[in-house]
S.K.: 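There's a structure below that I have some questions on.
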Amino acid sequence: ADSGDAELELSAVRHQPEGLEQLLAQTKFTKKELQSLYRGFKNECPSGLVDEETFKLIYSQFFPQGDASTYAHFLFDAFDADRNGALCFQDFAVGLSVLLRGTVHQKLKWAFNLYDINKDGYITKEEMLEIMKSIYDMMGRCTHPALRDSVPAEHVELFFQKMDRNGDGMVTFEEFLETCQKVSSSREGLRHHRHPP
């Protein structure tokens, strides 16, 4: 009876008129997985919606050693597909499905969207630096020895040299995709080289 209740509730929930069938079509989760995710979601967010402050609180629990609030802000924006300032279960489930079960192309598209802070279709050096700094802040005392303040900027310079093919100071999704795929295929090559068949 319990799973039947969850299915009914999932289909009828106020902020989720599309219900279970549409989520099954939109995600790569099974009915059981969606029901279990939904229970967890409702447990944390009884109203069915997560605002940014709540999201930051939940997320910061995973990184007690640093300040996760800025990175959580960027992550919230990436999950908030309809950009209405709140995450409903659908936003959460669709984003999670891409991150856990998506193709390489879908995952890279999601990552690109995270870095593209103003969502104009390009990543600038400034945007990448903001994300990079927020990641270092979040990792906090995990990094030993403590890193120099200039490290995030040095990382961004290196990334940009690789990605910004035409040197216009902006990275398109195509440039991003090409660079990431090159990196992953060269890693594969190294792996095979080390372990001959």
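Along the sequence shown, the residues carry numbers beginning at 1.
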S.K.: Closest heavy-atom contact between Leu87 and Phe41?
M.R.: O-CZ, 3.8 Å
S.K.: If you take all heavy atoms of Leu114 and Ile131, which pair is closest and at what distance?
M.R.: O-CD1, 3.5 Å
S.K.: With no hydrogens and no angle check, just 3.5 Å: does a side-chain donor-acceptor pair link Asp51 and Thr54?
M.R.: yes
S.K.: Work out which heavy atom in Gly85 is nearest to a heavy atom in Asp80; give both atom names and the distance.
M.R.: N-OD2, 2.8 Å
S.K.: So if you build clusters from Ile, Leu, Val, Met, Phe, Trp, Tyr with side-chain heavy-atom gaps below 4.5 Å, do Val151 and Phe159 land together?
M.R.: yes
S.K.: Would you check if the side chain of Glu175 reaches a backbone N or O of Thr172 as a donor-acceptor pair within less than 3.5 Å?
M.R.: yes
S.K.: Would you compute the distance between atom OH of Tyr38 and atom CZ of Phe29 and round it to the nearest 0.5 angstrom?
M.R.: 16.0 Å
S.K.: What's the separation between atom CZ in Arg101 and atom CD in Glu33, rounded to the nearest 0.5 Å?
M.R.: 4.0 Å
S.K.: Minimum heavy-atom separation for Leu75 and Trp110, please, with both atom names.
M.R.: CD1-CH2, 3.7 Å
S.K.: State, with a plain yes or no, whether a side-chain heavy atom of Phe55 is found less than 4.5 Å away from one of Phe79.
M.R.: yes
S.K.: Between atom CE of Met138 and atom CD1 of Ile135, what is the distance when rounded to the nearest 0.5 Å?
M.R.: 6.0 Å
S.K.: Could you go through Leu100 and Lys28, starting from their C-alpha distance and side-chain angles, then the distance that decides it, and tell me whether this counts as side chain to side chain contact (heavy atoms under 4.5 Å, CB included)?
M.R.: CA-CA 9 Å; Leu100 297 177; Lys28 294 188 177 169; over 6 Å; no
S.K.: I want to know whether Tyr59 and His73 have ring centres closer than 6.0 Å.
M.R.: no
S.K.: Would you sort out whether Phe173 and Asn113 count as a side chain to side chain contact (heavy atoms under 4.5 Å, CB included), showing the intermediate values?
M.R.: CA-CA 9 Å; Phe173 178 61; Asn113 180 52; over 6 Å; no
S.K.: Take Thr70 and Lys133 through the test side chain to side chain contact (heavy atoms under 4.5 Å, CB included) and record every step on the way to the result.
M.R.: CA-CA 9 Å; Thr70 310; Lys133 279 180 176 163; over 6 Å; no
S.K.: Are Phe62 and Leu57 in one and the same hydrophobic cluster, where Ile, Leu, Val, Met, Phe, Trp and Tyr link if side-chain heavy atoms are under 4.5 Å apart?
M.R.: no
S.K.: How many angstroms lie between atom NZ of Lys125 and atom CG of Asp164, to the nearest 0.5 angstrom?
M.R.: 7.5 Å
S.K.: Is it the case that one hydrophobic cluster holds both Phe176 and Tyr122, taking links as side-chain heavy atoms less than 4.5 Å apart, direct or via other members?
M.R.: no
S.K.: Can you tell me how far the CD atom of Glu127 sits from the CE atom of Met170, to the nearest 0.5 Å?
M.R.: 10.0 Å
S.K.: If I take atom CE from residue Met163 and atom CG from residue Leu177, how far apart are they, to the nearest 0.5 angstrom?
M.R.: 10.5 Å
S.K.: Please lay out, stage by stage, how Leu24 and Leu34 fare under the test side chain to side chain contact (heavy atoms under 4.5 Å, CB included).
M.R.: CA-CA 8 Å; Leu24 279 169; Leu34 280 170; 3.8 Å; yes
S.K.: For the residue pair Leu99 and Lys107, what are the closest heavy atoms and their distance?
M.R.: O-CE, 3.2 Å
S.K.: Quick check: closest heavy atoms across Pro152 and Tyr136, and the distance to 0.1 Å?
M.R.: CG-CD1, 3.5 Å
S.K.: Does Phe76 share a hydrophobic cluster with Ile58, counting links as ILVMFWY side-chain heavy atoms below 4.5 Å and allowing steps through other members?
M.R.: yes
S.K.: Could you check whether atom NZ of Lys32 has more than 12 heavy atoms from other residues, nucleotides or ligands sitting under 6.0 Å from it?
M.R.: no
S.K.: Under 4.5 Å between side-chain heavy atoms, hopping through other hydrophobics if needed: is there a path connecting Leu158 to Tyr115?
M.R.: no
